[in-house]
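Notes follow once the structure below has been shown.
Labels below follow one simple rule: chain letters A, B, ... track the order of the sequence lines, proteins then strands, and each chain is numbered from 1.
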Amino acid sequence: MPAADSTPVVTRFAPSPTGYLHIGGARTALFNWLYARGRNGTFLLRIEDTDRERSTPEATAAIVKGLTWLGLDWDGEVVSQFDRRHRHAEVAREMLARGHAYKCFATQEEIEAFREAARAEGRSTLFLSPWRDADPATHPDAPYAIRLRAPREGATVIEDAVQGTVTFRNEQLDDMVCLRSDGTPTYMLAVVVDDHDMGVTHVIRGDDHLNNAARQTQVYRAMGWAEPVWAHIPLIHGPDGKKLSKRHGAVGLEEYQAMGYPAAGMRNYLARLGWAHGDAEFFSDADAKAWFDLDGIGRAPARLDFKKLENLCGQHIAATPDAALLPEIEAFLEAAGRPPLSQAQKDGLARALYCLKDRAKTFPELLEKSHFVLGKRPFLPDEAAARALDPVSRGILKELTPQLQNASWDRDTLEGVATRVAADHGMGLGKLAGPLRAAIAGRTISPSVFDMMLVIGREETLARLQDATA
RNA sequence: GGCCCGUUCGUCUAUCGGUUAGGACACCAGGUUUUCAACCUGGGAAGAGGGGUUCGACUCCCCUACGGGCUGCCA
């Protein structure tokens, strides 16, 4: 039975540490986090490291780091599934004692041989252990696996919050192995025991586990435990509609950080991927927590759309207070393996952020437009800027310079002076802005020329103009 | 092969039997503009196909096609 609505919500994210944190996994974590945090619940993190061959501490570290960057905080310590192996085994033995499980002496070679033959003959490869009803007196003195004595008749029904009612005929389900013949627990058993022991009320995970839910349900029933609410969410696909894999480009969350997407934008985008709350597109964490619910999750896999990700990220960068943006930019620099900012650069950037953040969709773009405040004199113009600084333009700039000397340093005055000088030469401000920008930034792309002048100040502005017109 | 799930504009989606099928991103055209970003106006763009049920289906049912997942003593 699903947990009652009144019981506190407990969700968990349970990745296996076999590499980077997959972007799809990050979304699964986000959904669990939103669901718990929006309901005053608990969000737990458990590492499914029962596969000793493939689990690495580096991968666990990557998961922790990724979630931390994404801003998904979990409650309590990180739980290692491997550390709980004795408890898993204990449950397996208990099921054995209660007759809900049995010892299976079939060797893996035998099973494999059976499956091969079945495949060759086009028969079902479902392995039905001959030991299920064997007389214990006939048990050999050999290693055995403990298999669940699953019902053979009837059906196992999953009430899934996303997928609806899903029915599996029991004849399609085999007696899953709970404890391997070497005494170690399988994932199938471990998840159920852990979720139960940790008090997980809502299992929100990828729908690649939907089939597993049926077999796991049988363990809950065998142990007489309350079943969690299941919510199997569709996987994320690449832009081509195929399962997201490395050939699509970035799949690891850390790659997104290194590409300079802000975490808030990622959260917004990922939440919006496969879930909707009416027409809401751009929203805050508070909104998402308040709105997120299982019945808003779509049933079809969603494709990644970088354009939309960028759009949302741009809006989030613009909406983030300067004081919060700076540390994020520094973290990005580090993640991308770029040199850190000097104190002077930090100060400059802090002053310039107001005119930078609403024109950038990613941090690299913001930094590119920050060149005027991050760089040092002399500002060697890039190719396009050099073209803008033709002799005629330099002549006009030379005229402008002394007028700036005495102007009061505010936007209106500056703009007035520039407009007047341009007019003296029969041109609009637009014509003069090009070379002015080239002289100040050394680039043809930057914030407004007047904003730049305000940020760097009179002295520096004049110096740069002199550099350019010398 | 078997089992399970899915299918609304290019993409993410709204709709929960009665709508000119809405929004966002993207795209195209025009405008604004000091570059970029942004902004304004307009435009093209969708219910996989076929059967039912119903006064009425994108919405409910069935079939087909296509896509995906699972089918391990992996997780």
**Asked** Out of C73(B), G69(B), A26(B), which has the shortest distance to the side chain of K307(A)?
**Response** A26(B)
**Item:** Proximity to the side chain of D51(A) - top-ranked nucleotide from A75(B), G68(B), A24(B)
**Value:** A75(B)
**Asked** Looking at H196(A) versus Y220(A), is the centre-to-centre ring distance below 6.0 Å?
**Response** no
**Message:** Tell me if the centroids of the rings in Y102(A) and H139(A) come within less than 6.0 Å of each other.
**Reply:** no
Using a cut-off of 4.0 Å on non-hydrogen atoms, how would the nucleic acid contact of [X] be classed: base, sugar-phosphate, or nothing?
| X | value |
| --- | --- |
| A388(A) | nothing |
| M176(A) | nothing |
| D182(A) | nothing |
| H209(A) | base |
| R147(A) | sugar-phosphate |
| Q108(A) | base |

Mind jotting down which residue pairs meet the salt bridge (Lys or Arg N to Asp or Glu O under 4.0 Å) criterion with at least one end in [range]? Sequence neighbours excluded, please.
| range | value |
| --- | --- |
| residues 261-279 of chain A | R267(A)-D285(A), R272(A)-E281(A) |
| residues 141-151 of chain A | D133(A)-R149(A) |
| residues 417-435 of chain A | none |

Taking OP1 and OP2 of [N], is either one under 4.0 Å from a side-chain nitrogen or oxygen of [X]?
| X | N | value |
| --- | --- | --- |
| R115(A) | G72(B) | yes |
| R123(A) | G2(B) | no |
| T50(A) | A75(B) | yes |

Could you tell me the Watson-Crick or G-U partner of [N], where both distances fall under 3.5 Å? Say none if there is no partner.
| N | result |
| --- | --- |
| A21(B) | none |
| G72(B) | none |
| G47(B) | none |
| A29(B) | U41(B) |
| G67(B) | C5(B) |

Once salt bridge (Lys or Arg N to Asp or Glu O under 4.0 Å) is applied, do any residues pair with [X], and if so which ones, sequence neighbours excluded?
| X | answer |
| --- | --- |
| K357(A) | D322(A) |
| R46(A) | E48(A), D194(A), D195(A) |
| D467(A) | R377(A) |
| R152(A) | D175(A) |

Would you measure the distance from the [atom1] atom in [N] across to the matching atom in [M] and give it in whole Å?
| N | M | atom1 | answer |
| --- | --- | --- | --- |
| U19(B) | A24(B) | P | 22 Å |
| A65(B) | G30(B) | C1' | 43 Å |
| U8(B) | U13(B) | C1' | 9 Å |
| A38(B) | C25(B) | P | 10 Å |
| G22(B) | A45(B) | C1' | 14 Å |
| C4(B) | G47(B) | C1' | 24 Å |
| G42(B) | G23(B) | P | 11 Å |
| C62(B) | A75(B) | P | 36 Å |

Rounding to an integer number of Å, can you tell me how far [X] [atom1] sits from [N] [atom2]?
| X | N | atom1 | atom2 | value |
| --- | --- | --- | --- | --- |
| R52(A) | A75(B) | CZ | P | 11 Å |
| K308(A) | U13(B) | NZ | C1' | 7 Å |
| F283(A) | A24(B) | CZ | P | 15 Å |
| H237(A) | U11(B) | NE2 | C1' | 14 Å |
| Q216(A) | C70(B) | CD | C1' | 12 Å |

**Request:** Could you verify whether a donor N or O on one side chain and an acceptor N or O on the other, from T156(A) and Q218(A), lie under 3.5 Å apart?
**Result:** yes
**Asked** Is there a donor in the side chain of R437(A) and an acceptor in the side chain of S446(A), or the other way round, less than 3.5 Å apart?
**Response** yes
**Request:** Look at the side chain of Q172(A) and the base of G2(B), then say whether one donor and one acceptor between them are separated by less than 3.5 Å.
**Result:** no
**Message:** Base of C73(B), side chain of T186(A) - is there a donor-acceptor contact under 3.5 Å?
**Reply:** no
**Asked** Looking at residues 269-279 of chain A, who's got a heavy atom less than 4.0 Å off RNA chain B?
**Response** R272(A), L273(A), G274(A), A276(A), D279(A)
**Item:** Partners passing side-chain hydrogen bond (donor to acceptor under 3.5 Å, both in side chains) against D390(A) (at least two apart in sequence or in another chain)
**Value:** S393(A)
**Request:** Please identify each residue that fulfils ring pair (Phe, Tyr, Trp, His ring centres under 6.0 Å) with F31(A), with sequence neighbours left out.
**Result:** F292(A)
**Fill in**
Under a 4.0 Å heavy-atom criterion, the protein footprint on nucleotides 4-9 of chain B, written with B, S and -, is SSSS--
**Item:** Where protein sits on nucleotides 29-49 of chain B, one letter per nucleotide: B base, S sugar-phosphate only, - none, heavy atoms under 4.0 Å
**Value:** -----BBBSS-----------
**Request:** For I317(A) and L325(A), run side-chain contact (heavy atoms from CB on, under 4.5 Å): C-alpha distance rounded to whole Å, both residues' side-chain angles, the deciding distance at 0.1 Å, then the answer.
**Result:** CA-CA 7 Å; I317(A) 287 178; L325(A) 214 44; 4.2 Å; yes
